[in-house]
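Take a look at the structure below.
The basis for the numbers below is simple: all heavy atoms, side chains too, and nothing from hydrogens, waters or symmetry mates. Lettering follows sequence order; numbering is per chain, from 1.
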Amino acid sequence: MRNRNIFHIDANSAYLSWEATWRLQHGESLDLRDVPSVVGGDPKSRHGIILAKSIPAKKYGIKTGETLYSARQKCPDLLIVPPNYELYMKCSNGMFDLLKEYSHLVQRYSVDECFLDYTESEKLFGSPLKTAYKIKNRIQEELGFTVNIGISHNKLLSKMASELEKPNKVHTLFSDEIASKMWTLPVDDLFMVGNKTLPKLKRIGISTIGDLAKANLSHMKSYLKSHGVLIWNYANGIDESPVREEDMVQKGVGNSTTIAFDVTNQREAHLILLSLTETVSMRLRKKKSLARVVSVSIKDKDFAYYSHQCALCAPTDSTNVLFKYVKKLFNEAWKGEPIRHLGVRLTELCSREFYQISIFDEKSLDKYRRIDETVDCLRRQYGKKSVIRGSFLHSGLKPIAGGVGEEEYKMMSSHL
DNA sequence: TCTGGGGTCCTAGGACCC
DNA sequence: TCTGGGGTCCTAGGACCC
């Protein structure tokens, strides 16, 4: 493969910086980034975890994903602000638009991370390092927050580079720098080495990325199967994955919610599932897709998680049809214990165009479709809650559950 | 006042077919 | 009366990412 130049751009403590920037622009004098602060959910509705932390908060040992309760034990004066996903969406778009000025190949990897293929841009904008600094400074001046930029010949190394020293830094991690900059790091700093793999690696004496890089490949393969091969390659800086453009096909859509109280009866569970089905099928229709597989997931009060799925005879995007299967799946799967969290997920998607004919075969489906279209249209125009099912009145439950912002945004995954 | 929500990919076992 | 192996699809569960 020819030598590429790939940037990884990572907003520093994204949610928190964006929150801080917004507050400064709206007349607040305190910069959240200067004090121990976090963006977190509301424990009363059982959403009490840390979504983002300031650097001073990090110095107290506060970690993303831990409970607010535990964070407050570590730092009683911790400043906690609620999340504002629409704001984050705007900041994310701002960063993406700015990056697009430097390459036509920009991949939005998540709300706060992008890959940029600079290979073809060098002729126009000059040396990668110079441009990276330019981009970093422009984002700071024009958008008000800082980023880290990692530069290398592939996505894996540029991503590892952007993680090096934070905040507001540009790092390179080329082949000849792997040993000095990456191999010295603890092995769980490597992309794709998580909580479960770490102890397995420790058990065979691997504690740094360098240890893994020098391990025997066939040994890794027999020990950890394909995942062993993947992380061995990553440890050696090997990755050929392309910077993908925006039109990547999404494999599924899902919505799930943690309920403020434990659900103990089927009627309530069905209502919550209905609200989830409404959201998820609206998103499906917006993508002009149909789904062939429906799955329902349950997390009980003790956090035990299980799911049940089934394939449909014909793919659909109808809220009513999908909800029929959702109910059936739930009834088959539920063991009767108190429920904390419910989810609905649609997979095996295909384009709506291919199935137009079979959809219109049945009169009732045609009617369902027209109802869905009308409701979607009203909700787009007057807001999500302008049309709700009568069954939610006086139920104390949200008619539309799940979903993060008004617009879809990419929340990509574990693969590059 | 304890623990979110959105994704992707891989594996293992059973059913079924040839 | 006894006994095959390969391929594919389906489902459940697990690991990882932000």
Side-chain angles (χ1 to χ4, degrees), chain A residues 8 10-11 13-15 39-52 63-73 80 82-83 85 88-89 92 108-115 155-156 159 162-163 188 190-200 224-231 234 241 244 248-261 276 279-280 283 292-312 329 332-333 340-349 401-405 408-416:
Chain A
H8 179 252
D10 189 339
S13 350
Y15 287 3
V39 176
D42 179 11
K44 285 196 187 107
S45 58
R46 309 204 288 191
H47 288 63
I49 64 153
I50 311 274
L51 298 163
K63 295 192 173 79
T64 302
E66 83 174 301
T67 60
L68 286 176
Y69 176 84
S70 130
R72 250 190 294 238
Q73 309 274 83
I80 301 165
Y85 294 105
Y88 309 154
M89 195 50 219
S92 176
R108 198 168 202 164
Y109 184 70
S110 72
V111 241
D112 60 337
E113 288 180 36
C114 289
F115 288 101
K155 287 163 77 177
L156 183 273
K159 183 160 166 58
S162 72
E163 301 284 313
D188 51 326
L190 184 66
F191 181 69
M192 289 302 283
V193 175
N195 261 336
K196 302 287 174 177
T197 310
L198 179 64
K200 291 179 192 164
L224 296 174
K225 309 282 169 63
S226 65
H227 192 239
V229 178
L230 181 82
I231 60 176
Y234 283 178
S241 63
R244 308 178 199 211
M248 247 181 60
V249 235
Q250 206 177 325
K251 300 290 172 61
V253 285
N255 276 122
S256 62
T257 188
T258 292
I259 307 124
F261 52 92
L276 290 165
T279 330
V280 88
R283 292 174 58 205
R292 207 177 58 84
V293 171
V294 183
S295 77
V296 167
S297 59
I298 300 171
K299 197 192 282 173
D300 71 21
K301 67 175 205 320
D302 301 318
F303 282 77
Y305 173 92
Y306 54 100
S307 65
H308 189 37
Q309 70 173 63
C310 75
L312 279 44
L329 287 166
E332 285 168 4
R340 177 190 178 86
H341 169 111
L342 285 167
V344 173
R345 181 158 192 83
L346 310 174
T347 51
E348 299 292 310
L349 308 186
V404 275
E408 288 286 313
Y409 65 91
K410 305 275 179 191
M411 252 315 209
M412 299 313 309
S413 70
S414 48
H415 82 293
L416 294 176

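Atom CZ of A/Phe191 and atom C1' of B/dT8 are 10 Å apart (whole Å). Atom CD1 in A/Ile49 sits roughly 4 Å away from atom C1' in B/dG4 (whole-Å rounding). What separates OH of A/Tyr88 from P of C/dC18 is a distance of 18 Å, to the nearest Å. Rounding to whole angstrom units, CZ of residue A/Phe303 and P of B/dG5 are separated by 10 Å. For A/Leu230 and B/dT8, the CG to P distance is 17 Å, given to the nearest whole Å. One atom, CD1 of A/Ile259, and another, C1' of B/dT3, lie 15 Å apart when rounded to the nearest Å. The CZ-C1' distance, from A/Arg46 to B/dT3, rounds to 10 Å in whole Å. Summarising the geometry, the separation between CG on A/Leu51 and P on B/dG4 is reported as 10 Å, rounded to the nearest angstrom.
A/Gly194 comes within 4.0 angstrom of the backbone, heavy atoms only, and of no base. Residue contacts for A/Asp42: at a heavy-atom cut-off of 4.0 Å it reaches no nucleic acid atom on any strand shown. Contact annotation for A/Tyr306: backbone-only contact, meaning every heavy-atom pair under 4.0 Å involves sugar-phosphate atoms and none involves a base. Backbone-only contact: A/Val193 has heavy atoms under 4.0 Å from sugar-phosphate atoms and none from a base. A/Thr197 comes within 4.0 angstrom of the backbone, heavy atoms only, and of no base. Here A/Gly343 lies out of heavy-atom contact (under 4.0 Å) with every strand. Across all strands shown, A/Glu113 has heavy atoms under 4.0 Å from sugar-phosphate atoms exclusively, and none from any base.
The two residues A/Ser92 and A/Arg108 come nearest to each other via the heavy atoms OG-NH2, 2.8 Å. Here the closest heavy-atom approach between residue A/Lys159 and residue A/Glu163 is recorded as O-CG, 3.2 Å.
The shortest distance between the side-chain N/O atoms of A/Arg345 and the OP1/OP2 oxygens of B/dG5 is not below 4.0 Å. For the pair A/Lys159 and C/dC17, the criterion of a side-chain N or O lying under 4.0 Å from OP1 or OP2 is not met. Note on A/Asn195: every side-chain N or O is 4.0 Å or more away from OP1 and OP2 of C/dC16. For the pair A/Thr67 and B/dT1, the criterion of a side-chain N or O lying under 4.0 Å from OP1 or OP2 is not met.
Comparing A/Ile50 and A/Lys251 against DNA chain B, the residue whose closest nucleotide sits nearer the 5' end is A/Ile50.
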When Watson-Crick pairs (N1 to N3 and N6-O4 or O6-N4) and G-U wobble pairs (N1-O2 and O6-N3) count only below 3.5 Å on both distances, what is the dot-bracket string of DNA chain B, with | for other-strand pairs?
....||||||||||||||
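Listed by chain and number, the residues in a side chain to side chain donor-acceptor pair (under 3.5 Å) with A/Ser307 amount to none (sequence neighbours excluded). Scanning for side chain to side chain donor-acceptor pair (under 3.5 Å) contacts around A/Tyr306 gives A/Glu337, with sequence neighbours left out. Under the side chain to side chain donor-acceptor pair (under 3.5 Å) criterion, A/Tyr234 pairs with no residue, sequence neighbours left out. A/Lys299 meets the salt bridge (Lys or Arg N to Asp or Glu O under 4.0 Å) test with no other residue; sequence neighbours excluded.
Atom name C1', nucleotides C/dG4 and B/dC17: the rounded distance is 14 Å, in whole Å.
Here OH of A/Tyr109 is found 9.5 Å from CZ of A/Arg244. Values are rounded to the nearest 0.5 Å. Rounding to the nearest 0.5 angstrom, the gap separating the CZ atom in A/Arg292 from the CG atom in A/Leu346 is 12.5 Å.
Residue A/Thr258 has its side chain nearest to B/dG5 when only C/dC18, C/dC17, B/dG5 are considered. For A/Gln250, counting side-chain heavy atoms from C-beta on, the closest listed nucleotide (B/dT8, B/dC2, B/dG6) is B/dT8. Listed nucleotides B/dG5, C/dC17, B/dG4 differ in distance to A/Ser256; the shortest reach to its side chain belongs to B/dG5. The side chain of A/Asn255 approaches B/dG6 more closely than any other nucleotide in the set B/dC9, C/dC18, B/dG6. Among the nucleotides B/dG6, B/dT1, C/dC17, the one closest to the side chain of A/Lys44 is B/dT1.
Of the possible polar contacts, one joining the A/Asp42 side chain to the A/Lys44 backbone as a donor-acceptor pair under 3.5 Å is found.
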Are there any protein N/O atoms within less than 3.5 Å of an N/O atom in nucleotides 10-12 of chain B, and if so, which ones and at what distance?
from   : atom 1 : to       : atom 2 : distance (Å)
B/dC10 : O3'    : A/Ser226 : OG     : 3.0
B/dT11 : OP1    : A/Ser226 : OG     : 3.0
B/dA12 : OP1    : A/Lys225 : NZ     : 2.8

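Around the CG atom of A/Asn195, the shell of radius 6.0 Å holds no more than 12 heavy atoms that belong to other residues, nucleotides or ligands.
For A/Arg72 and B/dT1, a side-chain-to-base donor-acceptor distance below 3.5 Å is present, hydrogens and geometry of angles not being considered.
Using a 30° and 60° split on the angle between ring planes, A/Phe115 and A/His8 fall in the tilted class, from 30° to 60°.
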